[in-house]
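Presented below is the structure to which this report refers.
Each ligand, and each atom within it, is numbered from 1 in the order the structure gives.
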Amino acid sequence: MQVVIVNSAQEVANLGARHCLNLITANPRAVLGLATGSTPVALYGELIELQAKGAISFEQCLSFNLDEYIGLDPRHPQSYRYFMNIQLFDHIDIDKNNTYVPDGMSDPQQSAIDYEKEIATAGGIDLQILGVGRNGHIGFNEPSSSLVSRTRIKTLTAGTIADNKRFFTVDEFQPSLAITMGIATILESKKILLLATGASKAKAVRDLVEGPLSASCPASALQMHNNTVVIIDREAASELAHSEYYQQVNLETEQLANNND
Ligand code: GLP
């Protein structure tokens with residue numbers, strides 16, 4: 001796991017976008033794993049700008065989103081399909097037929113099975129973008145999720161429902177069930193970028209980077225992945241015990257790369 005600590009949320013987005021740019025430049029047919037939540041919005045903004053400038057094209061890319069609420073129509077403003085259209089897909093040249101979001105409407109159990117097959121047919125995910133919940137969840141894999149889980153239905157914790165309440169209007173139906181890629185599904189991605197910003201994520205970041213591997217912090221499963229980059233701002237890094245070490249590693253890796261140029 002590489003831990004990169006930068007000064008601001010905007011720098012988190014810029015660096016995340018650079019990883020995406022490098023991947024798509026090397027492989028224009030890349031399969032992207034995408035996330036919702038407020039954290040990746042700035043990264044999506046950067047990708048939109050890069051595409052507007054002609055630096056990147058998503059024409060041949062495929063994308064798979066992590067999760068979707070059960071019981072929200074894709075046209076519902078709080079559905080993750082709607083979120084992705086508004087925040088990214090409507091503004092880039094990706095073919096929407098190549099953008100997959102789990103179907104939380106018809107038969108979620110069957111949708112989960114189908115989703116796994118669709119990811120496999122696409123050849124797997126090249127780069128998975130992740131945020132993290134305050135309780136350490138990734139996608140909607142809440143604490144106690146099996147570390148070998150696949151795409152399935154999950155019940156959301158009261159804390160997650162409360163955290164996401166801000167997106168719903170008062171009295172609006174807020175689902176308590178979701179369909180989410182499993183932890184094993186996520187770990188099969190060739191590369192993973194986890195982004196976190198702000199002090200409210202500091203504990204989750206500490207647990208996922210330095211805590212024990214445990215279903216109590218589902219994101220700690222990333223310790224078992226050999227190509228994960230955790231990009232965080234100073235506030236999200238504030239509870240890490242070894243931030244100086246992570247910075248030293250990055251500096252030395254950069255120096256080595258420069259010497260080899
Ligand atoms: C939701 C999503 C997660 C996301 C999390 C954190 O629960 N299912 O994928 O990481 O929220 O969201 P935010 O970035 O808004 O803090």
Side-chain angles (χ1 to χ4, degrees), residues 8-10 12-13 16-17 32-46 63-72 74 76-84 86-88 100-104 108 112 115 125 127-145 149 151-168 174-183 185-187 189 192-209 217-222 228-233 235-238:
S8 65
Q10 188 53 48
V12 169
L32 305 171
L34 301 176
T36 53
S38 46
T39 310
V41 169
L43 160 67
Y44 296 154
E46 286 302 307
S63 74
F64 287 89
N65 261 80
L66 284 167
D67 46 13
E68 178 60 285
Y69 286 115
I70 289 182
L72 290 193
H76 189 291
Q78 303 318 330
S79 75
Y80 282 172
R81 157 57 72 184
Y82 189 91
F83 175 100
M84 288 309 300
I86 296 290
Q87 298 294 346
L88 183 63
Y100 294 79
V101 178
D103 175 2
Y115 208 60
I125 291 168
L127 175 68
Q128 176 66 58
I129 292 161
L130 294 177
V132 64
R134 286 193 304 126
N135 62 5
H137 74 235
I138 45 176
F140 269 132
N141 293 283
E142 296 283 31
S144 82
S145 288
S149 51
T151 304
R152 71 211 182 292
I153 299 167
K154 281 299 291 181
T155 301
L156 308 183
T157 62
T160 298
I161 293 172
D163 282 350
N164 289 337
K165 206 171 188 62
R166 65 190 194 277
F167 298 112
F168 292 81
Q174 186 183 357
S176 56
L177 293 176
I179 174 166
T180 180
M181 279 188 205
I183 295 179
T185 320
I186 293 170
L187 290 181
S189 310
I192 296 176
L193 278 189
L194 182 139
L195 314 180
T197 58
S200 68
K201 300 295 172 67
K203 185 185 171 299
V205 166
R206 182 195 67 198
D207 289 350
L208 87 90
V209 175
C217 175
S220 68
L222 300 177
T228 287
V229 185
V230 173
I231 308 175
I232 50 183
D233 65 6
E235 290 180 335
S238 60

Flag the pair Asn141 / Arg152 as yes when at least one side-chain heavy-atom distance between them is below 4.5 Å, and no otherwise.
yes
Could you check whether any side-chain heavy atom of Asp67 comes within less than 4.5 Å of a side-chain heavy atom of Val101, counting everything from C-beta outward?
no
Heavy atoms only, cut-off 4.0 Å: how does Ser38 contact ligand 1, side chain, backbone, both, or neither?
both
In the protein, which heavy atom is nearest to atom 4 (C) of ligand 1, and how far is it?
Thr36 O, 4.1 Å
Taking the side chain from Gln174 and the backbone from Ile161, do they hold a donor-acceptor pair closer than 3.5 Å?
yes
Find all atoms of ligand 1 within a distance of less than 4.0 Å from any non-hydrogen atom belonging to Lys201, and give their numbers and elements.
13 (P), 14 (O), 16 (O)
Sub-3.5 Å donor-acceptor pair from the side chain of Thr197 to the main-chain atoms of Asp233, do we have one?
no
Mark yes or no for whether Glu68, through its side chain, and Ile179, through its backbone, hold a donor-acceptor pair below 3.5 Å.
no
Answer side chain, backbone, both or neither: which part of Tyr80 comes under 4.0 Å from ligand 1, heavy atoms only.
side chain
Protein residue, atom and distance nearest to atom 6 (C) of ligand 1, heavy-atom basis
Val132 O, 3.6 Å
Answer yes or no for Arg166: is there a heavy-atom contact with ligand 1 below 4.0 Å?
yes
Could you tell me, atom by atom, which parts of ligand 1 come under 4.0 Å of a heavy atom of Asn164?
1 (C), 7 (O)
Starting from atom 11 (O) of ligand 1, locate the nearest protein heavy atom and write down its residue, its atom name and how far away it is, to 0.1 Å.
His137 NE2, 3.9 Å
Run the contact test for Gly139 against ligand 1 with a 4.0 Å cut-off on heavy atoms, strictly below, and give the result.
yes
At a 4.0 Å cut-off, with the gap strictly under it, does some heavy atom of Arg134 reach an atom of ligand 1?
no
Counting only heavy atoms closer than 4.0 Å, does ligand 1 sit against the backbone of Asp67, its side chain, both, or neither?
side chain
Answer with yes or no after comparing the ring centroid distance for Phe167 and Tyr69 against a 6.0 Å cut-off, counting only values under it.
no
Quick one: does any side-chain atom of Ser79 pair with a main-chain N or O of Pro74 as donor and acceptor, under 3.5 Å?
yes
Gly131 neighbourhood, listing ligand 1 atoms whose heavy-atom distance to it stays under 4.0 Å:
10 (O)
Beyond-backbone contact of Met84 with Tyr44, side-chain heavy atoms, under 4.5 angstrom
yes
Distance-only N or O hit between ligand 1 and Thr39, under 3.5 Å:
yes
Can you check whether Pro102's main-chain N or O pairs, donor with acceptor, with Tyr80's side chain at less than 3.5 Å?
no
Atom 12 (O) of ligand 1 - nearest protein heavy atom and its distance
Gly37 CA, 3.8 Å
